[in-house]
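Below is one structure, written out as structure tokens; comments come after it.
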Amino acid sequence: MRSKVVIALALAVGSTVAAHAWEGQRSPQPVPRPAQAQGHAAIRALFDGYVSTKKMPGIVGAFGRGDAPTLFVSAGSISLDPDAAKAGPDTLWRVYSMTKPITAMAAMMLIEDGKLKLDQPLSDIYPEFNQMRVLTSPDTSLESVPATRPITIRMLLTHTAGLSYNISAKGPLLKEYERLGLLPGAINAAVEAQAKLARPKSLQDFARRVAQAPLIAQPGTKWSYSIGLDLTAAVVEKVSGVSFERFVQTRLFDPLKMRSSYWTVPQSEIGRFADNYLIAGTTLTPLDPAKASAFTQPPSFPYGGAGLVSSARDYDRFLHMLVDEGTLDGVRVMKPQTVRLALSNLLPPGVTFQGVGGATGGTQGPPMGYGAGGSVYLADVPGGASKGTYGWGGAAGTIAWVDPVKKIRGTVMVNYFPADRWPVRSDVVKALYADSAQK
């Protein structure tokens, strides 16, 4: 039973790991002036072309500069059903790993509150992490040696804790993750039903089980995509004294008026929830239909690394807050210095981030570091993204980024596996440049 769960997760998610870093080695390059109300012909044509050639049922983009009104561009419908609703700013999409920046900002809020420290040992919060073991051959054996340093909050936020992921672990370690139920992510109702049999029933039980798994590298020595942000959610819950969902709702979603972001999609909102598809060749097969979606049932616990469903309008509001250094519509949710820290390169000394590999067709991008839950440009791109541009993507093709220097932000919502089946990330960049050139 457990093997079937892992196989299904690997098939649906494993081939899309590269999407989480916006195109493997390259991030979207925001343009100096994204398309506005009367000048978005290229992006409109791009989106219409995706739909007319049946590459996807629908797509929505949200692009903004400073405090000017957000430009929403959409095409197609929320599913292939003939009577499906049109895709739009309030359509609901599975954002998967775009959950990570939200979880990371929740942790940064606790750092701002003085309840947590960036370089605080995780064992201060969970003593179970006091004596971790590190594998000597992660792909082939469970032989291990003692960890030489503690895991810290910084390491959780930057994927440098030595943790792994069920979508990337191999051999005995994958079996160990499977045995412990370290499977924090939903694919569809059938896979979710099986995964729940192995998973812990709460974030706190999840944290304790993570402590039982060996590490793949000494803490603070290597970037490795991981369950670090799922564990961060447990930290936020324990340190804050309220459930993780409640913390995020009251500290982020409510003040930012993000009214379409859910861990469980209510039955009343299914009419605007997009289907998720599996693309084989050029054929789109329903993988997680909205009406029977895994996301319409409560998860085992809130997956801080991949559990959210959201809209282009909502995620744009989150990004707008980051661009404005913690405020939106006059409401402050984070201090400017907290946002600047979160969007800076937080990697431990000597650790580099080379992007998430995969057959994405991406080319080598600018040097990148890693901030709180997302990658960070370490240099300007001539005519494009500024040094400090921050963002991340999701396993079902979603994209989000902010350029804090040019005050530019962008969100693209689609839902299909594998995320790199079409070059949406690079196509969007080209279209935005084309529209900008027409001004």
Side-chain angles (χ1 to χ4, degrees), residues 95-130 132 150-159 161 163 165-166 177 180-186 192 195-196 198-213 226-256 258 261-265 295 297-310 318 333-334 338 342 346 372-374 392:
V95 299
Y96 283 108
S97 282
M98 274 166 43
T99 306
K100 288 177 170 69
I102 289 174
T103 299
M105 296 309 151
M108 294 302 297
M109 287 177 164
L110 289 176
I111 292 173
E112 177 178 298
D113 293 345
K115 296 181 178 180
L116 200 60
K117 296 179 180 177
L118 189 59
D119 291 308
Q120 182 175 357
L122 180 59
S123 57
D124 285 358
I125 302 158
Y126 295 104
E128 296 91 337
F129 286 88
N130 193 40
M132 297 300 290
I151 295 172
T152 65
I153 303 304
R154 178 192 298 270
M155 296 173 191
L156 293 184
L157 297 176
T158 59
H159 299 294
L163 298 169
Y165 226 148
N166 61 292
Y177 267 54
L180 292 168
L182 304 182
L183 308 168
E192 185 70 354
K196 281 187 173 182
R199 277 201 208 102
K201 300 299 187 283
S202 71
L203 267 174
Q204 298 312 307
D205 285 344
F206 173 78
R208 286 185 282 270
R209 289 202 201 179
V210 174
Q212 298 175 39
S226 73
I227 56 175
L229 273 300
D230 296 284
L231 185 51
T232 298
V235 170
V236 169
E237 182 172 274
K238 187 166 185 180
V239 171
S240 69
V242 299
S243 70
F244 177 65
E245 306 102 300
R246 183 66 179 163
F247 186 91
V248 172
Q249 189 70 41
T250 57
R251 295 291 297 271
L252 275 170
F253 293 168
D254 286 347
L256 295 178
M258 294 172 63
S261 295
Y262 305 103
W263 303 100
T264 303
V265 177
F295 290 87
Q297 300 297 320
S300 301
F301 50 86
Y303 312 136
L308 276 174
V309 167
S310 191
F318 172 66
V333 298
M334 299 171 71
T338 305
L346 297 177
W392 207 237

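Keep in mind the model is a prediction, meaning the values are calculated, not measured.
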Problem set entry | Residues that Lys238 engages under side chain to side chain contact (heavy atoms under 4.5 Å, CB included), provided they are two or more places apart | Ile125, Tyr126, Gln204
Exercise. Under the salt bridge (Lys or Arg N to Asp or Glu O under 4.0 Å) test, which residues partner Arg208, sequence neighbours left out?
Worked result: Asp205
Exercise. Quick one: do Arg209 and Glu128 make a salt bridge, cutoff under 4.0 Å?
Worked result: no
Exercise. Could you walk me through whether Leu122 and Met155 pass the side chain to side chain contact (heavy atoms under 4.5 Å, CB included) check?
Worked result: CA-CA 9 Å; Leu122 180 59; Met155 296 173 191; over 6 Å; no
Exercise. Passes side chain to side chain contact (heavy atoms under 4.5 Å, CB included), Leu203 versus Val236? Steps please.
Worked result: CA-CA 10 Å; Leu203 267 174; Val236 169; over 6 Å; no
Problem set entry | Worked verdict on Leu182 versus Val210 for side chain to side chain contact (heavy atoms under 4.5 Å, CB included) | CA-CA 7 Å; Leu182 304 182; Val210 174; 3.9 Å; yes
Exercise. Hey, mind stepping through Leu229 and Leu156 against side chain to side chain contact (heavy atoms under 4.5 Å, CB included) and telling me if it holds?
Worked result: CA-CA 6 Å; Leu229 273 300; Leu156 293 184; over 6 Å; no
For this session: Report the distance from atom CH2 of Trp263 to atom CG of Leu308, rounding to the nearest 0.5 Å.
Result: 3.5 Å
For this session: State whether the side chain of Asp230 and the backbone N or O of Gly305 hold a donor-acceptor pair below 3.5 Å, judged by distance alone.
Result: yes
For this session: Tell me, please, which residues at least two apart from Ser226 pass side chain to side chain contact (heavy atoms under 4.5 Å, CB included).
Result: His159, Leu163
For this session: Describe, in one word, how the ring planes of Phe301 and Phe206 are oriented to each other, choosing from parallel (under 30°), tilted (30 to 60°) and perpendicular (over 60°).
Result: tilted
Problem set entry | Non-hydrogen side-chain atoms of Glu245 and Glu237 separated by less than 4.5 Å | yes
